[in-house]
Amino acid sequence: MFLRTVKSQDKQSIKVELNLEEDTLYIKVKDEDVKGLIKMTEDLYLEVGESGNIVGIQLRNAKKHIVEGIAHRVKKLIEESGDVEEKKNKEISNSIT
């Protein structure tokens, strides 16, 4: 299990927990008791506190979603780098003629 606490700019703590055994990612954004859950997708749930604000985020099947997210980002970076290479080659070609 991986647990990390991060301080935001307003000094509020955000706790991130990755449980590989249960394959869940949990983000606690507010230190408040949970009143209910909102199901966003089959694997994504938002925890709502007494105040009605979102206090936590649960992601089930986390490994799959994290790997897919990374793969999508890498694909986008590769595509963008191809665009940069094409533009650079075009500029070189235009400067020669």
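Computation of the quantities below employed the complete heavy-atom set of this structure, encompassing side-chain atoms and omitting hydrogens, waters and symmetry-equivalent molecules.
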Can a donor-acceptor pair be found between the side chains of S51 and E32 at a distance below 3.5 Å?
yes

Apply side-chain contact (heavy atoms from CB on, under 4.5 Å) to V67 and list each qualifying residue two or more places apart in sequence or on a separate chain.
none

Salt bridge (Lys or Arg N to Asp or Glu O under 4.0 Å) contacts touching residues 47-76 (sequence neighbours left out)
K75-E79

Tell me, do N53 and V48 make a side-chain contact under 4.5 Å, heavy atoms counted?
no

Linking I/L/V/M/F/W/Y whenever any side-chain heavy atoms sit under 4.5 Å apart, do Y26 and M40 land together?
no

For I66, check side-chain contact (heavy atoms from CB on, under 4.5 Å) against everything at least two apart and list the hits.
L18, A62, I70

Do you reckon I14 sits in the same ILVMFWY cluster as I54, going by side-chain contacts under 4.5 Å, direct or chained?
yes

Rest of the hydrophobic cluster containing Y45 (Ile/Leu/Val/Met/Phe/Trp/Tyr, side-chain heavy atoms under 4.5 Å)?
L37

Under the criterion side chain to side chain contact (heavy atoms under 4.5 Å, CB included), which of V16, L46, L25 is the partner of I57?
L46

Are L59 and T24 close enough, and set up right, to give a side chain to side chain contact (heavy atoms under 4.5 Å, CB included), and what steps lead you there?
CA-CA 6 Å; L59 179 62; T24 58; over 6 Å; no

Taking only residues two or more places apart in sequence, or in another chain, which ones meet D43 in a side chain to side chain donor-acceptor pair (under 3.5 Å)?
N61, H65

Can you list the residues that meet the salt bridge (charged side-chain N to carboxylate O under 4.0 Å, His left out) rule with E42, with sequence neighbours excluded?
K39

Scan for salt bridge (Lys or Arg N to Asp or Glu O under 4.0 Å) pairs involving residues 18-29, sequence neighbours excluded, and state none if there are none.
none

Under a side-chain separation threshold of 4.5 Å, the hydrophobic residues clustered together with V34 are V55

